Chemist: 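Structure in structure tokens, see below.
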2 protein chains.
Amino acid sequence: MGLIVQKFGGSSVADADRIRNVARIITETYRRGHNVVAVLSAQGDTTDDLIAKAAEINPHASKREMDMLLSTGEQISCSLCAMAIETMGYPVISLTGWQAGVRTNSAYGDARIKRIETERILAELDKRCIVIVTGFQGINKYDDITTLGRGGSDTSAVALASVLHADLCQIYTDVDGVYTADPRLVKDAYKLDEITYDEMLELATLGAQVLHNRSVEMAKRYNINLEVLSSFSGQSGTIVKEVTKTMEKPYVSGVAKDKDIARLAVVGLMDEPGIAFKIFSILARERINVDIILQSIGRGGTKDISFTVRHSDMERAKELLEERQSSIGFDHVDVVDDIAKVSIVGAGMVNNPGVASQMFEALYNAGININMISTSEIKVSVLVNKEDADRAVQAIHARFFSQFGNGN
Amino acid sequence: MGLIVQKFGGSSVADADRIRNVARIITETYRRGHNVVAVLSAQGDTTDDLIAKAAEINPHASKREMDMLLSTGEQISCSLCAMAIETMGYPVISLTGWQAGVRTNSAYGDARIKRIETERILAELDKRCIVIVTGFQGINKYDDITTLGRGGSDTSAVALASVLHADLCQIYTDVDGVYTADPRLVKDAYKLDEITYDEMLELATLGAQVLHNRSVEMAKRYNINLEVLSSFSGQSGTIVKEVTKTMEKPYVSGVAKDKDIARLAVVGLMDEPGIAFKIFSILARERINVDIILQSIGRGGTKDISFTVRHSDMERAKELLEERQSSIGFDHVDVVDDIAKVSIVGAGMVNNPGVASQMFEALYNAGININMISTSEIKVSVLVNKEDADRAVQAIHARFFSQFGNGN
């Protein structure tokens, strides 16, 4: 007996059959005595279709009008899901972002939730109604429709779980949980029962796109228990929470790779204070996210600074630096894009020194060269050649995860 | 220099090219110094597609959820039109029904506008913004989305013209005005420059589906000048107003036919008071509209009552009466559906007796038999056999409209 927020992504509501399946999951939860607030994304390709319609008319449409257009996608999936639940004989109502009281700032296309006015949802729950809410959208102070950007529906669900003091926030996707590695790549990869928010954040950053970072950050801040599970399998998934039962947990929770990456090196910089600030403030101003940063030790009065960016930012970052070559003072910018990042993540690493060296040993034994290394309290990342990435994941997974589930 | 409300129907915004065309019409009006509020329907088949999606999931979906679903159609066309206007460099904003302040009663699927809170629209017009408003929709006192039912976008446009004190309300359709008869049927039919509200109401009722009655009634009540014109031709259309310049006008404004009609006769009724009330209150309770009513003179203590209904109501009306045969007291119900109604409409008929007899003469000369006759101050309708309907329209049109435009 409690309140459960359930979020269903675009593939979970892609057609009439899948909407019926989602309706079954929601009503089964309701029948067990829970109140249910379900947050839905737009159906499968709807958003892409709408974007194509807009592009035909105006490839540079204002973000305000794009949000007006795109927000219809969730309104369609939510009303259809409510209709499916009606056929099963349960009380149900669908609500748009503004009807559900989701108030955001005015950053059209990438808005942040400021608050949720819960009166309407609470009134419907009081009537023991199942409430279906459009994900991904809200309204700003002008009463204009905004969308939350990538992973927005996850964020909607977690925000609702927070303001409604939900007992659990279930994120239904097309995978049935968080794995120790990509199961398509690593035969022995297995599903984790639990993972901490921080581990999930690192894994999301590393390209294991199960949950969007914004939603995990919000869940961590408000201490919302998340469950990642599949709308197709019917099995329990992975719980994401603050502290996991470490006794049952390996030091390392997962191995991930990220191929959407490029490495830039600014070569021949003067070895003087403020150089790093100059370089990274230029990139930050243009909203280019920098990941791993490595600064070489100065030799003969010069030094090099290397860093990684998303592949799509590579050219722009190079241009920005070269435009300022004389004011920064360097010899040239070197770019490499046939690389990948492979990482291990684990909250248990903090108290277990030597995890990094075990990882390096596994790579050495597999004959894989390491280009760059970056570590945090719960993560070790290495850059390797792109062609070695899959083998690196397999070698590292084998080192840390035996067939019994934990090789530490 | 004034405020013009322009309404564009589904065929006018069916694809990207047509949306661009609508954007041109709107911006040309704006460039001439007017403020413009444009009301759009959903694109071509969008509403039908959404209805099909709903039917696949729940053929008996609640009207509340249907309105939630269907209202997305106008939101899509309006945002796309705003994007098209953006490419032309004009300030523009699209607004949903609730953003535009359209408040309705709660009759989902067939709601009535109760009031329009104009603050937002006026604020945008003050900024010299072109305002695009979703037709066909509003919200009720629960903040739930409602739709206005058939002809709803016309009604939205006229209601906005009224509360905004617009100088003109232009209804853009795929015909370029109101004709003296269907031009596909009558070679000599010509476009009227002006027509009165009452004439337009009679013509709409008679099946000349140019404007929906609700919008014309509202225009008459609030004295809004309507113009019916084509979004494709670029020519001026027909003005609908209270009083037209009768000097330039024929007694008869138009000839119309309506084939969606059936005639029922309740035969052998007791000739006593209250019989007509009994019959028509039964039908009214079931929302069956009755048009022409004819009561025979009693013979031998019994009488017959004949009346016409929409074709789709024919079977239900017959059933309803037969269920109550013993309480009403009659012999049997006779049904005929191979009939059509042909009518002449004209505000000038009031002061010109003999118009009806000219119409009957034209039919007599064409050898067409008249089954029933109904007259009002500005209309004469006759029922004829369905196969004679087109010839009847042609004969009547030839009688009243010479090649010089007016045969009266």
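Reckoned from all heavy atoms, side chains included, excluding hydrogens, waters and symmetry mates. Protein chains get the first letters and strands the later ones, always in sequence-line order, with residue 1 at the start of each. Just so we're clear, the structure is a prediction, and the values are computed from it rather than from any experiment.
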Chemist: Could you go through A/Phe232 and A/Arg18, starting from their C-alpha distance and side-chain angles, then the distance that decides it, and tell me whether this counts as side chain to side chain contact (heavy atoms under 4.5 Å, CB included)?
Modeler: CA-CA 9 Å; A/Phe232 305 110; A/Arg18 290 189 177 183; 3.7 Å; yes

Chemist: Looking at side-chain heavy atoms only, is the closest gap between B/Ser41 and B/Lys7 below 4.5 Å?
Modeler: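 Counting from C-beta outward, B/Ser41 and B/Lys7 do come under 4.5 Å.
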
Chemist: Okay, side chain of A/Asp174, backbone of A/Ser11: is any donor-acceptor separation there less than 3.5 Å?
Modeler: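 No, A/Asp174 side chain to A/Ser11 backbone: no donor-acceptor pair under 3.5 Å.
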
Chemist: Could you check which of B/Val92, B/Asp17, B/Ile93, B/Leu95 has the highest count of heavy-atom pairs closer than 4.5 Å to chain A?
Modeler: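 Looking at each option in turn, the highest pair count goes to B/Ile93.
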
Chemist: Has the side chain of B/Asn105 got a donor or acceptor atom that lies under 3.5 Å from a matching backbone atom of B/Arg112?
Modeler: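 Confirmed, B/Asn105 side chain pairs with B/Arg112 backbone.
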
Chemist: Can you tell me which portion of B/Leu69 sits under 4.5 Å from chain A's heavy atoms? Options are side chain, backbone, both or neither.
Modeler: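 Contact with chain A: backbone and side chain both.
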
Chemist: Using a heavy-atom distance cut-off of less than 4.5 Å, which residues of residues 82-90 of chain A contact chain B?
Modeler: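 From residues 82-90 of chain A, the residues near chain B are A/Ala82, A/Met83, A/Ala84, A/Glu86, A/Thr87.
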
Chemist: Going by distance alone, is a donor N or O of one side chain under 3.5 Å from an acceptor N or O of the other, for A/Thr29 and A/Gln170?
Modeler: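 The answer is no; no qualifying pair exists.
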
Chemist: Are the side chains of A/Ser230 and A/Val175 in touch, meaning some heavy atoms are under 4.5 Å apart?
Modeler: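 Result no, sub-4.5 Å side-chain heavy-atom pair not found.
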
Chemist: Is the backbone N or O of B/Val158 less than 3.5 Å from a side-chain atom of B/Ser162, with the two atoms forming a donor-acceptor pair by type?
Modeler: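 No.
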
Chemist: Strictly distance-based, threshold 3.5 Å: is any side-chain N or O of B/Ser71 a donor or acceptor partner for the main-chain N or O of B/Asp67?
Modeler: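 Yes, B/Ser71 side chain to B/Asp67 backbone: donor-acceptor pair under 3.5 Å.
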
Chemist: Under 3.5 Å, side chain of B/Arg32 to main-chain N/O of B/Thr27, donor-acceptor pair present?
Modeler: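 Looks like no, no N/O pair under 3.5 Å.
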
Chemist: Ignoring hydrogens and angles, tell me if any N or O in the side chain of B/Asp45 forms a donor-acceptor pair with the backbone of B/Asp48 under 3.5 Å.
Modeler: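 Side chain of B/Asp45 to backbone of B/Asp48, a donor-acceptor pair under 3.5 Å: no, none is there.
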
Chemist: Indicate yes or no for a side-chain donor-acceptor contact from A/Ser156 to the backbone of A/Gly152 under 3.5 Å, with no hydrogens or angles considered.
Modeler: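 Answer holds: yes.
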
Chemist: Taking heavy atoms only and a threshold strictly under 4.5 Å, list by residue number the residues of residues 137-147 of chain A that touch chain B; give 'none' if the list is empty.
Modeler: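 Those residues of residues 137-147 of chain A which have a heavy atom under 4.5 Å from chain B are A/Ile139, A/Tyr142, A/Asp143, A/Asp144, A/Ile145.
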
Chemist: Apply side chain to side chain contact (heavy atoms under 4.5 Å, CB included) to residues B/Thr173 and B/Ile171 and explain how you reach the verdict.
Modeler: CA-CA 6 Å; B/Thr173 68; B/Ile171 308 288; 3.9 Å; yes

Chemist: Looking just at side-chain N and O atoms, do A/Thr72 and B/Thr72 make a donor-acceptor pair shorter than 3.5 Å?
Modeler: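 The criterion, which ignores hydrogens and geometry beyond distance, is not satisfied for B/Thr72 and A/Thr72.
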
Chemist: Report which part of A/Gln43 has an atom under 4.5 Å of a heavy atom belonging to chain B: side chain, backbone, both, or neither.
Modeler: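 Side chain of A/Gln43 only, per the 4.5 Å heavy-atom cut-off to chain B.
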
Chemist: Run the numbers on A/Tyr172 and A/Leu229 for side chain to side chain contact (heavy atoms under 4.5 Å, CB included), then give the verdict.
Modeler: CA-CA 5 Å; A/Tyr172 283 87; A/Leu229 67 178; 3.5 Å; yes

Chemist: Sort by residue number and list every residue of residues 52-63 of chain A having at least one heavy atom under 4.5 Å from chain B.
Modeler: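 Near chain B, by residue number: A/Lys53, A/Ala54, A/Glu56, A/Ile57, A/Asn58, A/Ala61, A/Ser62.
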
Chemist: Return yes if some donor-acceptor pair links the side-chain N/O of A/Arg31 with the main-chain N/O of A/Ile26 below 3.5 Å, else return no.
Modeler: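 Not a single qualifying donor-acceptor pair exists.
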
Chemist: Ignoring hydrogens and angles, tell me if any N or O in the side chain of B/Asp176 forms a donor-acceptor pair with the backbone of B/Gln235 under 3.5 Å.
Modeler: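 The answer is no, because no donor-acceptor pair under 3.5 Å joins these two groups.
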
Chemist: I want to check something: taking the side chain as every heavy atom from C-beta on, are A/His34 and A/Leu3 in contact at a cut-off of under 4.5 Å?
Modeler: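 Not in contact.
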
Chemist: Answer yes if the side chains of A/Ser94 and B/Glu65 hold a donor-acceptor pair under 3.5 Å, and no otherwise.
Modeler: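 The criterion, which ignores hydrogens and geometry beyond distance, is satisfied for B/Glu65 and A/Ser94.
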
Chemist: Sort B/Thr96 into side chain, backbone, both or neither according to what part of it lies under 4.5 angstrom from a heavy atom of chain A.
Modeler: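 Contact with chain A is through both the backbone and side chain of B/Thr96.
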
Chemist: Does anything in residues 117-134 of chain B get under 4.5 Å of chain A by heavy atoms, and if so which residues?
Modeler: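 Checking residues 117-134 of chain B against chain A gives B/Arg120.
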
Chemist: Among B/Met68, B/Gln99, B/Met66, single out the residue with the greatest number of heavy-atom pairs under 4.5 Å to chain A.
Modeler: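 Heavy-atom pairs under 4.5 Å are most numerous for B/Met68.
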
Chemist: Show the numbers, then the answer: is there a side chain to side chain contact (heavy atoms under 4.5 Å, CB included) between B/Arg64 and B/Ser106?
Modeler: CA-CA 9 Å; B/Arg64 193 262 178 207; B/Ser106 289; over 6 Å; no

